[in-house]
Amino acid sequence: MENLRQHPTYMNISPERHFLKRSLSEEQLSWAIRFLFGISVFLIVILSISYHSINQELIFYSEKVDHTHEVLDNVQDIRTRLYQVTYYGRGYLVMIDSVNRRNMLERLASVPHRIDYLSELTQDSPTQHAKVDSLRHYFALYEKSVVNFGMSDPAKLDLSSKLTLLRNGTSKTENLNEILDRIASVENKLMQERIISRDNYKQQIFRFNWVIMGVALAFLLCSFLLLERELKRTKGYRIELENQVENLNRSNAELEQFAYVASHDLQEPLRKIRSFADLLKTKNKDNLTEESKQIVGKIIKSASRMQLLIDDLLAFSRSIDSPREIEQVDLNDILRDVRANIKGKMQEHNADIRSDTLPTVTGYGNQLTQLFENILSNSLKYCKPGLCPEIVITSSEISGSSIAGIRESQLEDIFHQIVIKDNGIGFRNEYAEKIFVIFQRLHGQDDYQGSGIGLAICRKVVANHNGYIMADGEEGKGARFYIYLPQNSSTV
C-alpha cells in the first residue's frame with residue numbers, strides 16, 4: 001500500500017460539494033425571509049386601506065338608488081305633464097281661448113322627450129323597457145287625438161260632443177297613468193330592495209375589510225412560522241446531506257484507489273502466475289503426471305478467469321463517474337459503431353439485427369456505445385443453439401407516468417423508449433432484477449463465458465443519463481430490454 005499512497009490520484013482526493021453551496025448563508029436567508037415578511041405585512045396594510053377606499057367609491061357609484069330616484073322622478077314628471085295637457089285641454093274646451101290651446105300643445109310636445117329619456121334609463125331592465133315602449137305607443141294615440149282636438153273649433157261642438165271628448169281624453173290619460181303606475185311600482189320595489197342592500201353593505205363592508213386583514217395577517221404569521229421551521233429542518237437536512245455526500249465522495253475515492261490497485265498491483269502478480277504456470281506446463285510437460293497437468297491447467301484457467309473479472313471490474317468502476325461534457329448523440333451512429341465492433345460475433349452466429357430509426361439524445365457517447373454493445377453481445381451470447389439470432393430494436397416516445405418505479409420528479413417528463421428484443425434462450429421473469437446485479441449469473445461459467453458484469457454496467461450507464469432500464473423474458477422464447485432515456489436534455 002506504500003506505492004498506493006504515493007500515487008497522485010490518492011494524494012489529490014478531495015470531496016467536491018460545490019453543488020451544495022448557496023448564494024446566501026443560513027443567516028442571510030433568515031433575514032431575507034424576515035424582510036419579505038415585513039414587506040408582505042406592509043403591502044397587506046396598504047392594499048387593505050386601498051380596498052376600503054375603493055369599496056367606499058364602489059358603494060357610492062354602484063348604488064342604484066340614485067338611478068331609481070331618477071326613473072321615479074321622470075315618471076312623475078311625465079305624469080305631471082299629462083295632467084297639465086288635460087288641464088289646459090279642458091280649459092280650452094270651456095273657454096275656447098288661444099292661451100289654453102298653446103299651453104296644451106306645448107306640454108304635449110314636451111312629453112315625447114321625457115319618454116325617450118325614460119327609455120334610456122330603463123335600458124338595463126327589459127321588462128321596464130317594454131312598459132316604456134307600451135307607454136310610447138299609447139301616447140302616440142293620445143297625442144294624435146289631442147292634436148286633432150287642438151286643430152278643431154270647440155265652439156262648433158254641442159254639449160254631448162264635448163262630454164264625449166272629455167271622456168275619451170280621460171280614458172286615454174288613465175291608460176297612460178296606469179302604465180306609469182306599473183313602472184313606478186316596479187321601481188319602488190327596486191328602491192326598497194336597493195336601500196336595504198345598500199344599508200346592509202355599508203354596515204358589513206367595514207367589518208369585512210378588517211376580517212380580511214386579520215385573516216391575511218394570521219395566514220402570513222403562520223407562513224412565517226412554517227418557513228422558520230422548514231428553514232431549521234432544511235439546515236439539518238443540508239448538514240446530513242453534506243455528510244452523506246462526503247462519505248460518498250470518500251467511497252468514490254476509495255473505489256478509484258481500488259481501480260488503480262486492480263489495474264497495476266493486482267494484475268502484475270496475476271500475470272506472473274499465468275506466466276509461470278505456462279512455463280511450468282511447457283518446460284515440464286514430459287515430467288508432469290496427468291494429475292499435475294490438470295492442476296496446472298486449472299491454475300491457468302482460474303488466472304484467466306480472474307483476469308477477466310479484474311478487467312470487467314475496472315470497466316464497471318469507470319462507468320460510475322459520468323464524463324463532464326455531454327453532447328448530442330445520434331443513437332443510429334452508436335448502433336452503426338456497435339455493429340462494426342461485434343461484426344465478428346454477428347458473422348459467427350449468422351445474426352440478423354433490425355432497427356427502427358433511433359432518436360438523438362443528450363448524453364455521453366462512449367457510455368451509450370458501451371450500453372448497446374453489452375446488450376447486443378448479451379443477446380448473441382445467449383442465443384439458442386442451431387437458431388440464427390434475430391434482434392429487433394424499436395423506438396417510441398412515452399410519458400414518464402407510464403414507467404414503473406419512476407421518480408416522482410420525472411412523472412411529467414417525456415422519455416425515449418428503446419426496446420431490444422431477441423429470440424434467445426430467455427429467462428424467467430423472477431430473475432428480471434437479478435440479471436442487473438454485478439457478478440450475478442443465471443448460468444454456470446462452463447455453459448456461457450463472462451463475468452456477469454455487463455448488464456450491471458448497462459444499468460449504471462442508463463442511471464448516469466437519469467434514465468431507466470428493465471427487462472422481461474420467457475424461458476426458451478427470448479428476452480426484451482426496455483431502455484428509457486429522457487427527452488429533455490436538462491434532466492441529464
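Computed from heavy atoms alone, side chains included, the values below leave out hydrogens, waters and symmetry copies.
Atom CG of Leu118 and atom CD of Gln123 lie 10.5 Å apart (nearest 0.5 Å). Taking CG of Asp330 as the start and OG1 of Thr360 as the end, the distance is 4.0 Å to the nearest 0.5 Å. Atoms CG and CD1, on Asn74 and Ile78 in that order, are 4.5 Å from each other to the nearest 0.5 Å. Between the CZ atom of Arg90 and the CE atom of Met104 there is a distance of 13.0 Å, given to the nearest 0.5 Å. For the atom pair CZ (Phe372) and CD1 (Ile342), the distance works out to 11.5 Å, reported to the nearest 0.5 Å. The distance from atom CD of Glu178 to atom CG of Leu135, rounded to the nearest 0.5 Å, is 11.5 Å.
For Gln128 (side chain) and Ile183 (main-chain N/O), a donor-acceptor pair under 3.5 Å exists by modelled atom type. Side chain of Thr122 to main chain of Ser119: a donor-acceptor pair is present (N/O by atom type, distance under 3.5 Å, no hydrogens or angles). A distance-only check finds no donor-acceptor pair linking the side chain of Asp77 to the backbone of Asp73 [under 3.5 Å]. Checked by atom type and distance alone, the side chain of Asn423 pairs as donor or acceptor with a backbone atom of Glu390 at under 3.5 Å. Judged by distance alone, the side chain of His67 and the main-chain N or O of Leu121 form a donor-acceptor pair under 3.5 Å. Checked by atom type and distance alone, the side chain of Thr369 pairs as donor or acceptor with a backbone atom of Gly365 at under 3.5 Å. A donor-acceptor pair is defined here as one N or O able to donate and one able to accept, closer than 3.5 Å; no such pair exists between the side chain of Asn374 and the backbone of Cys458.
Remark: Ser110 pairs with Arg81 by the side-chain contact (heavy atoms from CB on, under 4.5 Å) rule, at least two apart or across chains. For His113, there are no side-chain contact (heavy atoms from CB on, under 4.5 Å) partners at least two apart in sequence or on another chain.
At most 12 non-hydrogen atoms from other residues, nucleotides or ligands lie less than 6.0 angstrom from OH of Tyr138. Atom CD of Glu412 has 12 or fewer neighbouring heavy atoms from other residues, nucleotides or ligands inside a 6.0 Å radius. By the 6.0 Å contact criterion, CG on Asn366 is open, its count of non-hydrogen atoms from other residues, nucleotides or ligands being 12 or less.
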Take Ile457 and Gln370 through the side-chain contact (heavy atoms from CB on, under 4.5 Å) test and state the conclusion after the steps.
CA-CA 8 Å; Ile457 292 176; Gln370 195 175 22; 3.7 Å; yes
Using salt bridge (Lys or Arg N to Asp or Glu O under 4.0 Å), reason through Arg167 and Glu174 one step at a time and then give a plain yes or no.
CA-CA 10 Å; Arg167 283 195 295 272; Glu174 287 177 351; over 6 Å; no
Between Gln84 and Leu108, is the side-chain contact (heavy atoms from CB on, under 4.5 Å) condition met? List the steps.
CA-CA 9 Å; Gln84 291 174 348; Leu108 181 68; over 6 Å; no
Decide side-chain contact (heavy atoms from CB on, under 4.5 Å) for Ile483 and Ile375; before the verdict, give the C-alpha distance in whole Å, the side-chain angles of both, and the deciding distance to 0.1 Å.
CA-CA 11 Å; Ile483 302 170; Ile375 293 180; 3.7 Å; yes
Given Ile353 and Ile393, is the side-chain contact (heavy atoms from CB on, under 4.5 Å) satisfied, shown in steps?
CA-CA 8 Å; Ile353 299 179; Ile393 305 173; 4.2 Å; yes
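Residues Leu455 and Phe481 are in side-chain contact: their nearest non-hydrogen atoms beyond the backbone lie under 4.5 Å apart. Put simply, the side chain of Glu143 reaches to within 4.5 Å of the side chain of Pro112, judged on heavy atoms. You'll find the side chain of Leu358 stays beyond 4.5 Å of the side chain of Ile334, heavy atoms only. Here the side chains of Tyr484 and Ile398 are in contact, with some heavy-atom distance below 4.5 Å. Tyr482 has its side chain within reach of Asp472: a pair of non-hydrogen atoms, C-beta onward, lies under 4.5 Å apart. Residues Val132 and Ile115 have side chains in contact (heavy-atom distance under 4.5 Å, counting atoms from C-beta outward). Contact check for Val186 versus Arg182: no side-chain heavy atoms found under the 4.5 Å cut-off. The shortest side-chain heavy-atom distance between Arg107 and Thr80 does not fall under the 4.5 Å cut-off.
Scanning all heavy atoms of the two residues, the minimum distance from Met470 to Ala404 falls at CE-O, 3.1 Å. Shown here for Tyr468 and Arg407, the closest heavy-atom pair between the two residues is OH-N, 3.1 Å. When all heavy atoms are compared, the tightest approach of Glu373 to Val338 is CA-CG1, 3.6 Å. Taking each heavy atom of Leu72 and Glu187 in turn, the nearest pair found is CD2-CB, 3.5 Å. When every heavy atom of Asn466 is checked against every heavy atom of Phe415, the shortest pair comes out as O-CE2, 4.0 Å. Contact detail for Ser395 and Pro359: the closest heavy-atom pair is OG-CD, 3.3 Å.
A donor atom on one side chain and an acceptor atom on the other are not found under 3.5 Å apart for Thr127 and Ser125. Residues Asp413 and Gln487 bring no donor and acceptor atom of their side chains to less than 3.5 Å of each other.
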Can I get a per-line list of side-chain donor-acceptor pairs under 3.5 Å for residues 92-102, giving both atom names and the distance, sequence neighbours left out?
residue : atom : partner : partner atom : Å
Tyr92   : OH   : Ser152  : O            : 3.1
Asp97   : OD1  : Asn100  : ND2          : 2.8
Asp97   : OD2  : Asn100  : ND2          : 3.1
Arg101  : NE   : Gly150  : O            : 2.6
Arg101  : NH2  : Gly150  : O            : 3.3

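Applying the side-chain hydrogen bond (donor to acceptor under 3.5 Å, both in side chains) test between Thr362 and each of His465, Glu327, Gln328 identifies Gln328 as the sole match.
Using a cut-off of 4.0 Å between Lys/Arg side-chain N and Asp/Glu carboxylate O, Asp181 and Arg79 are scored as salt-bridged. We find that Asp133 and Lys131 are not joined by a salt bridge, their nearest charged nitrogen and carboxylate oxygen being 4.0 Å or further apart. Remark: Glu474 does not engage Arg480 in a salt bridge, criterion side-chain N to carboxylate O under 4.0 Å.
Ring geometry, Tyr87 versus Tyr83: the interplanar angle falls under 30°, so the pair is classed parallel (tilted spans 30 to 60°).
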